[in-house]
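Right, one structure below, let's go through it.
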Amino acid sequence: MSRRQLERGTPLRGMATDHGSRPLPSDLGAESVPDHGCGVLHVDMDAFFASVEQLERPEARGQPVLVGGTGPRGVVASANYAARAYGIHSAMPMSQARRLCPRALVYPADHERYSQVSAAVRVILESVTPVVEPVSLDEAFLDVSGARARLGGPVWIAEHLRSRIRAEQGLTCSVGIAPNKFVAKLAATHAKPDGVYLVPEAQVQAFLHPLPVGALWGVGPKVEQRLVRLGLHTIADVAAVSPASLRREVGPALGDHLAALARGRDERAVQPASSAEERGLSAECTFARDVADAAVIDRELLRLSERLARRLRTEGQGHAARTVTLKVRRADFTTITRSRTLPEPTDLAREIHATARILYEAAEVSRARLRLVGIRVEGLVVSTQAHRQLTLDATAPDWRGVEQVMDEASRRFGDFALRPASLAQPTGDPAPSGQRSHPGARGHDVPERW
DNA sequence: TCTGGGGTCCTAAACCTC
DNA sequence: TCTGGAGGTTTAGGACCC
């Protein structure tokens, strides 16, 4: 059983803790709860996307709700507990989910709205401690070891946060409390939905050992298979073998990592958001139907390049990327990637697209039917530090200027208010699934057709 | 049966330089 | 001049996470 399965609601076997898995009364005094050596909280919003939709759509209250791709190849991004009762879980194809529960209400994901709610929740979390590490829109780690003297025990802090999130945002969340991040994350799973679970330091091993190997961080279906083949079914089994054997079986890094986790050791500190640096950005698109037309694929590569370049220029302090990676997935689901490192970093769609095009031609997939194309840029440097080659050609077009004008137009009039001519024409090609339309967007030309 | 999108990290081979 | 090892970088792919 994997951790994902645990999260889908399969009950955990194992021990009872001092506090059990149900919420404690929120009026517990700060002094009444010992901390048991636990300074790490994992806060996990319950069925986050679906709950936000329910909050804002009166017709969805009390109904099974699914959020995700509504196209023929969409998958479930979030399902509320009423939908989960039908066996629906995240990452399930939406078509299958609809078959399991035809009366479920299905909404496309509105990431902008979820980001707003997530930011509001984060403000609440940061009112307790500055050491908050967001993991995704719906979960975060908190290090409350510094706040305990001021606010009280970690269970009291968890209940305080839960009641504020419920009162101010109308949403429920679950909180795991433990001495480290790995155990806190598992404890939060155990607390779901709408609960708190604390694993005292002295009981970490007893909590972990009965769990299946799939509950270990870094063990997905492939590694799980290998461990089970070796007769390792539970975390206790993994803890009983030597780190050297694990290293031999799954590689040095993962072997050491699993050996430590299985013994309840996780040295990773809770990193406040500002210290997390971005490594790269990617954008990809699955076509509604497989595509073999090189022109359609090229237009999609341009669209993805535009998106990435704009993000590079406009997010944070502005970045440029040195390496461009093309990803294509054939109709049979085999995936290949090809990458190229540029002589100097770029934040221009024109250059990213040109590189992606070279990689596409070199990959020799021009006659293959593709279901997905994607581009990733990495090796990011802050734009002001990016070395740019000077040109002696005074007549060379100022592409950076052109793209900055497009950024400004997008900011004022909506996404893709200005775009390359080749993206402005009606094409009739299959619409990429999950793509939002931009009703206000009109095609305008730029100095030279791309 | 059908398998999204945006990320991170690890491994291994190939290649280059010393 | 050739060979080999060490070590860094690039490239490709796999696995995992949310």
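All values reported here derive from a predicted model rather than from experimental measurement. Chain identifiers are assigned alphabetically (A, B, ...) following the order of the sequence lines, protein sequences preceding nucleic acid strands; residue numbering begins at 1 within each chain. Just so you know, these numbers use all the heavy atoms, side chains as well, and skip hydrogens, waters and symmetry mates.
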key: Pairwise C1' distance, B:dC16 and C:dG4 [rounded to whole Å]   =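 About 14 Å, rounded to a whole number of Å.
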ask   = What integer number of Å spans the P atoms of C:dC18 and B:dT3?
value = 23 Å
key: Base versus backbone protein contacts along nucleotides 6-12 of chain C [heavy-atom cut-off under 4.0 Å; B, S, -]   = ----SSS
Between atom [atom1] in [X] and atom [atom2] in [N], what is the gap in whole Å?
X: A:Q96; N: B:dC2; atom1: CD; atom2: P; result: 9 Å
X: A:I88; N: B:dT3; atom1: CD1; atom2: C1'; result: 16 Å
X: A:F49; N: C:dC18; atom1: CZ; atom2: P; result: 13 Å
X: A:Y114; N: B:dG4; atom1: OH; atom2: P; result: 19 Å
X: A:L258; N: C:dC16; atom1: CG; atom2: P; result: 10 Å
X: A:L380; N: B:dG6; atom1: CG; atom2: C1'; result: 14 Å
X: A:L370; N: B:dG4; atom1: CG; atom2: P; result: 14 Å
X: A:H89; N: B:dG4; atom1: NE2; atom2: P; result: 14 Å

Side-chain N or O of [X] versus OP1/OP2 of [N]: is the shortest distance under 4.0 Å?
X: A:K185; N: C:dC17; value: no
X: A:R371; N: B:dT3; value: yes
X: A:R376; N: B:dT8; value: yes

I want to verify a distance call: between [options], whose nearest atom is closest to the [X] side chain?
X: A:F333; options: B:dG4, B:dG7, C:dC18; value: B:dG4
X: A:R73; options: B:dG5, B:dG6, B:dT3; value: B:dT3
X: A:E284; options: B:dG6, B:dG4, C:dC16; value: B:dG6
X: A:L372; options: C:dC18, B:dG7, B:dG5; value: B:dG5
X: A:R307; options: B:dG6, B:dC10, C:dC18; value: B:dG6
X: A:K222; options: C:dC16, B:dT3, B:dG7; value: C:dC16
X: A:A253; options: B:dT3, B:dT11, C:dC16; value: B:dT11

inquiry  = Salt bridge or not between A:E284 and A:R329? Use side-chain N to carboxylate O under 4.0 Å.
reply    = no
request  = Please determine if A:R73 and A:D290 form a salt bridge, counting it only when a charged side-chain N lies under 4.0 Å from a carboxylate O.
outcome  =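 Looking at A:D290 together with A:R73, the answer is yes, because their closest N to O distance falls below 4.0 Å.
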Mind checking [X] for me? I need base, sugar-phosphate or nothing, with any heavy atom below 4.0 Å counting as a touch.
X: A:A77; answer: nothing
X: A:R329; answer: sugar-phosphate
X: A:V76; answer: nothing

query = So, is B:dC2 syn or anti if syn means the angle is within 90° of 0?
reply =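 It is syn.
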Chi-angle category of C:dT1 [syn within 90° of 0, anti beyond] =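 Because its glycosidic torsion lies more than 90° from 0, C:dT1 adopts the anti conformation.
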task = Return the 5'-most residue of the pair A:L254, A:K327 with respect to DNA chain B, ranking by each residue's nearest nucleotide.
result =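 Going by which nucleotide is closer to the 5' end, it is A:K327.
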inquiry  = I want to confirm an ordering. Mapping A:V75 and A:G251 to their closest nucleotides on DNA chain B, which one lands closer to the 5' end?
reply    = A:V75
query = Stacking check: are the rings of A:W217 and C:dC17 less than 5.5 Å apart at their centres and under 30 degrees in tilt?
reply =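 No.
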Considering all heavy atoms of both residues, which atom of [X] and which atom of [Y] are nearest to each other, and what is their separation?
X: A:A47; Y: A:N80; result: CB-CA, 3.9 Å
X: A:H319; Y: A:D347; result: O-CB, 3.4 Å
X: A:E201; Y: A:C38; result: N-SG, 4.2 Å

Non-hydrogen side-chain atoms of [X] and [Y] separated by less than 4.5 Å:
X: A:D46; Y: A:L171; result: no
X: A:V270; Y: A:L41; result: no
X: A:R162; Y: A:V43; result: no
X: A:H42; Y: A:F182; result: no
X: A:Y81; Y: A:D194; result: no

Taking only nitrogen or oxygen atoms into account, show me every contact under 3.5 Å that the protein makes with nucleotides 12-17 of chain B, one pair per line with its distance.
none

ask   = Between A:D138 and A:T335, who's closer to the 5' end of DNA chain C by nearest nucleotide?
value = A:T335
task = Let me know which of A:V40, A:D266, A:L208, A:I177 forms a side-chain contact (heavy atoms from CB on, under 4.5 Å) with A:V183.
result = A:L208
key: From CA spacing to verdict: side-chain contact (heavy atoms from CB on, under 4.5 Å), A:D237, A:L230   = CA-CA 10 Å; A:D237 296 336; A:L230 291 175; over 6 Å; no
